[in-house]
Amino acid sequence: MKKIISLLLALLLTVLFIIPASADGEETAVLTVGATESATESTTESGVQDGYYYAIDSAYLLTDEELDLLENKLGEISARHNSDILVVTVDSLDGYTDKEFADGFYDYYEYAADGMLLLISIEDRVWYISTSGKCKDAVTDYGIEYFGNRMYDDLHSGNYYAAFNVYANLCDEFLTQAETGEPYDKSSLPAEPLEGKWYLISLAIGVVFALIVVGIMKGKLKSVHFEPAAANYIKNNSLKITGANEIFLYKNVTRTAKPEKSSGGSGSSGSSSHGGGGGRF
Amino acid sequence: MDTILEYKCPCCGGAISFDSASQKMKCPYCDTEFEVETLRAYDEQLKNEQPDNMNWENNPGNEWEQGEEEGLASYICNSCGGEIVGDKNTAATACPFCGNPVVVTGNLSGSLKPDLVIPFKLDKNAAKEGLVKHLKGKRLLPKVFKDENHIEEIKGIYIPFWLFDADVDAKIRYHATKVRHWSDSRYDYTETSHFSIYREGGIGFANVPVDGSTKAADDLMESIEPFDISEAVDFRTAYLSGYFADKYDVPADQSVIRANSRIKKSTEDEFASTISGYTTVNTESSSVNIKNGKTKYALYPVWLLNTKWKDKTYYFAMNGQTGKFVGDLPLNKKAAALWFSALAVLGTAAAFGITWLIHIL
C-alpha cells in the first residue's frame with residue numbers, strides 16, 4: 001500500500017516537472033511517453049491509488065485508523081455536497097510553490113469540477129487550500145483565512161488528525177451555508193468558539209471578585225491598628241527643605257518579543273481556474 | 001598614567017574601577033555602565049550620611065501640691081495589676097481593664113502630677129450610642145454578639161500619655177525610578193531609569209502622644225487618635241470627679257522610642273512628598289536630628305469596654321473628646337463562607353457573559 005503511494009507521488013512529481021512554471025491560461029498535464037505508461041499502470045479509473053481517494057497521506061502523519069476514518073468522513077461530505085473534498089499531505093513541495101502543487105495535484109488527478117483540496121507540506125511547514133468550481137464562492141479568501149485560524153493551533157502542535165477534522169467540519173458547514181444561497185463571507189463568518197481557557201479565566205475572575213468583596217467585609221470588622229507616622233502632629237507650615245538634588249544613576253532596557261501568529265494570505269490570481277490561499281504553521 | 005579610583009556600584013554594591021584608558025565606568029559584577037560624574041556625585045551623597053541624633057529634655061510633669069493628694073484615692077486590681085486613681089467620693093468597684101474587683105490602696109506616692117488634661121467631652125450615653133453605631137452594618141458580625149455585650153459596664157477613664165514636641169532636622173536619601181514603555185513591530189520595550197534623590201531640611205512636631213500605661217493596649221490607643229490639643233487645660237483634680245485616671249507605669253524614656261519612630265517616618269514621608277515625577281520612590285537612608293525636644297505628661301479621656309465572647313476578650317475604646325470608636329469584632333465564619341460562594345458564582349457568570357458578548361461583537 002504505502003509503496004504504491006510513494007511510487008505514485010514520485011511519478012506525479014516527474015510529471016509536474018514538465019508543466020510550465022508560470023500558469024497562464026488553463027493548466028494542462030503534459031505527459032511524456034515514459035510517464036504515460038507508468039501513470040496508466042497505477043491509476044484506477046478515477047482514483048489516485050487503490051482505496052484512498054480523498055485522504056492522501058504521503059507524509060505518514062496519520063495512523064491507519066485515522067486515515068480510514070478521515071477517508072470515510074471526507075467521502076461522506078463530498079457525496080452530500082456533490083464535490084470532492086480532499087486532504088493531501090507531502091513531505092516537501094520539492095521546489096514548487098504551494099499553489100502550483102495543490103492546483104496541479106487536483107487537476108492532474110481529474111477530481112470533480114467542484115471541490116477543495118487541503119495540502120500540508122511538513123518540511124516547508126506550509127498549508128494551502130485550493131478551491132474550484134462552486135467551492136470558490138462557498139469559501140472565499142476570508143473563508144480560507146478563517147479556516148487557517150481555526151486549524152492553526154492543531155497544526156502547530158502536531159495534532160494533524162484534529163486539524164483535518166476541523167477542516168472537514170468547516171467544509172461541510174461552509175458548503176451547507178452556500179447551498180442556502182448566502183455563502184459565508186467577510187461580514188458573516190461564523191463566530192469562532194470560545195477556547196477552553198476562557199472558562200477558566202471567568203472562574204478565576206469570579207473567585208477574585210468574591211475574595212475582594214468578602215475581604216472588604218472582613219476588613220470592616222477590624223479597626224485597631226498601630227499608627228506608624230505622626231502626620232497629625234506636624235506643626236503647620238513647618239516643613240522647610242533647605243537642600244535637594246536628584247542624580248541620574250543608570251538605566252536598563254528590557255524587551256519581550258511579540259508572538260508571531262500566522263494566518264492565511266490570499267493568493268488567488270484571476271487567471272487560473274482555482275481559488276485558494278495558504279499560510280505557515 | 002592610569003589612575004584607579006574605587007566607587008561603589010549603585011545597582012549591586014560591588015566595587016567599580018575607573019580605567020582612564022577607556023574613559024568609562026563599568027561594574028564587573030552586574031555589567032551596568034555609569035558616567036564618571038554620576039558616581040562621583042553619588043559617592044558625595046553617601047559620605048554625607050550620619051546616624052540619627054534624637055535627644056530629648058525629659059522633665060515632664062510636676063510634683064503634687066500639698067493637699068491635692070488628699071482628695072484622691074488609689075486602687076489596685078489584683079487580677080491584672082491595673083492601677084487607677086479616683087476622686088475620694090467616686091467609689092471604684094470594678095477594674096476597667098479586666099472587669100474584676102479592685103481594692104483601695106490609698107497610696108499615691110511615686111506618681112507625678114499631670115501637666116495637662118483634656119476633659120471628657122462626651123458622656124456615657126454618647127459612649128453607648130457609639131458602641132451601637134460601631135456594631136451596625138457589619139455583615140459578617142455574628143448576630144448573637146450584638147445582643148450579648150454588657151453595654152452598661154462601659155467606663156470613662158483618663159489614660160496617661162507622654163506628649164513629645166520637637167523640631168527636626170533631617171537628611172534623607174531616596175531611590176527613585178522612572179519607567180517608560182514603548183513598542184515597535186517586533187518587540188515591547190520597558191526602560192527603567194534609576195535615580196538617587198537627596199532632601200535636606202527641617203520640620204516641626206507638637207504633642208506626639210505615646211500612651212504611658214501598660215494596661216491600655218498601645219494599638220488600641222493609637223487607633224482612637226487624633227486628640228485635639230487645643231482643648232487641653234492645665235490639670236486640676238476637680239476634673240477627675242466622676243471618672244478615673246489610670247496611673248502611668250511606662251517611664252518617659254521608654255515611650256520616647258515609639259515617638260522617635262513615628263516622627264522619623266513622618267519626616268521621611270513629608271520630605272518624599274516634595275518629590276514628583278517618578279514612578280516609584282523609596283527611602284534608602286535617613287538621618288534625623290531632634291532639637292528642642294520637650295516632653296509633657298497629660299491625661300486624655302477614653303471610654304473603655306471589654307467583652308468576653310466564646311472565650312475571647314474583645315476590647316473597645318472611644319475617644320472621649322472626638323467620639324471615634326474602635327474595636328476589633330469577631331468573624332461569623334459560616335456567613336463569610338456563604339457570601340464567598342454566592343459572590344464567586346455571580347462573578348464567574350458575569351465574567352463569562354461579558355467575555356461571550358465581546359467575543360460575538
Side-chain angles (χ1 to χ4, degrees), chain A residues 190-195 197-260, chain B residues 10-11 32-34 38 41-42 138-141 186-208 218-220 222-223 225-226 262-263 265-266 269-271 274 326-329 331 336 339-340 343-348 351-352 355-356 359-360:
Chain A
E192 292 168 46
L194 273 183
E195 297 152 47
K197 70 180 186 192
W198 289 107
Y199 294 89
L200 282 175
I201 292 180
S202 302
L203 183 66
I205 294 180
V207 167
V208 165
F209 169 71
L211 274 174
I212 292 178
V213 175
V214 172
I216 292 179
M217 291 203 285
K218 265 199 208 171
K220 285 219 191 108
L221 292 177
K222 196 158 162 46
S223 47
V224 176
H225 55 84
F226 281 104
E227 180 59 57
N232 287 314
Y233 306 100
I234 298 175
K235 286 193 206 152
N236 272 335
N237 301 325
S238 63
L239 174 64
K240 237 195 304 267
I241 301 283
T242 55
N245 65 39
E246 296 170 22
I247 304 176
F248 169 74
L249 293 175
Y250 62 93
K251 66 174 149 183
N252 288 329
V253 180
T254 59
R255 62 182 191 186
T256 51
K258 287 186 169 167
E260 286 198 30
Chain B
C11 184
T32 322
E33 288 190 0
F34 300 93
T38 306
Y42 186 68
K138 309 272 196 287
R139 289 210 185 90
L140 297 183
L141 179 67
R186 294 202 318 171
Y187 295 97
D188 296 318
Y189 297 88
T190 305
E191 177 193 79
T192 312
S193 304
H194 293 256
F195 297 83
S196 173
I197 299 185
Y198 176 75
R199 289 282 184 273
E200 177 181 336
I203 187 172
F205 291 87
N207 303 307
V208 180
D218 288 354
D219 55 355
L220 193 62
E222 285 186 12
S223 305
E225 285 183 29
R262 288 179 66 174
I263 286 176
K265 180 83 174 50
S266 250
D269 289 346
E270 287 299 304
F271 280 25
T274 64
V326 300
D328 286 342
L329 296 168
L331 173 69
W339 272 98
F340 179 80
L343 285 170
V345 166
L346 194 67
T348 309
F352 191 72
T355 314
W356 181 250
H359 183 71
I360 292 195

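Note on naming: letters A, B, ... go to the chains in the order of the sequence lines (proteins, then strands), and numbering restarts at 1 for each one.
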Within residues 218-256 of chain A or reaching into it, pairs that qualify as ring-ring contact (aromatic ring centres under 6.0 Å, His included) - sequence neighbours excluded:
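Output for this query lists A/F248-B/F195, A/Y250-B/F34, A/Y250-B/H194.
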Name the option with the most non-hydrogen atom pairs under 4.5 Å to chain A; the candidates are [options].
| options | answer |
| --- | --- |
| B/I197, B/D328, B/I203, B/L343 | B/D328 |
| B/T192, B/N207, B/L141 | B/T192 |
| B/T38, B/T190, B/V326 | B/T190 |
| B/S196, B/G201, B/A41 | B/S196 |

Measuring from atom [atom1] of [X] to atom [atom2] of [Y], what distance do you get when rounded to the nearest 0.5 angstrom?
| X | Y | atom1 | atom2 | value |
| --- | --- | --- | --- | --- |
| B/L329 | A/K222 | CG | NZ | 10.5 Å |
| B/D188 | A/K258 | CG | NZ | 5.0 Å |
| B/E191 | A/R255 | CD | CZ | 14.0 Å |
| A/K235 | B/F205 | NZ | CZ | 10.0 Å |
| A/Y199 | B/F352 | OH | CZ | 4.0 Å |

If you compare all heavy atoms of [X] against all heavy atoms of [Y], which two are closest, and at what distance to 0.1 Å?
| X | Y | answer |
| --- | --- | --- |
| B/S266 | A/A231 | OG-N, 3.1 Å |
| B/K265 | A/A229 | CG-CB, 4.0 Å |
| B/A344 | A/A210 | N-CB, 3.4 Å |
| B/T348 | A/L203 | CG2-CA, 3.5 Å |
| A/S223 | B/G327 | OG-N, 2.8 Å |

Subject >> Heavy-atom donor-acceptor pair, A/E227 side chain to B/E222 backbone, under 3.5 Å >> reply: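 Pair absent, no side-chain N/O of A/E227 close to backbone of B/E222.
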**Prompt:** With no hydrogens and no angle check, is any side-chain donor or acceptor of A/T242 less than 3.5 Å from a backbone partner on B/E200?
**Reply:**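 Yes.
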So which of [options] has the biggest tally of heavy-atom pairs under 4.5 Å with chain B?
| options | result |
| --- | --- |
| A/T254, A/V214, A/L211, A/N232 | A/T254 |
| A/N237, A/V208, A/I234, A/N236 | A/I234 |
| A/T256, A/V253, A/I205 | A/T256 |

- [ ] Side chain from CB out, backbone as N, CA, C, O: work out which of these in B/D269 comes under 4.5 Å of a heavy atom of chain A, or both, or neither.
- [x]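 Just the side chain, heavy atoms under 4.5 Å.
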Do B/F340 and A/V213 have side chains that approach each other closer than 4.5 Å (heavy atoms only, starting at C-beta)?
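B/F340 vs A/V213: side chains apart.
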- Query: Are more than 12 heavy atoms from other residues, nucleotides or ligands located less than 6.0 Å from atom NZ of B/K138?
  - Reply: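 Check passes, neighbour count above 12.
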Salt-bridge criterion met for B/R199 and A/E246 (N-O under 4.0 Å) |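 Between A/E246 and B/R199 there is a salt bridge, with a charged N closer than 4.0 Å to a carboxylate O.
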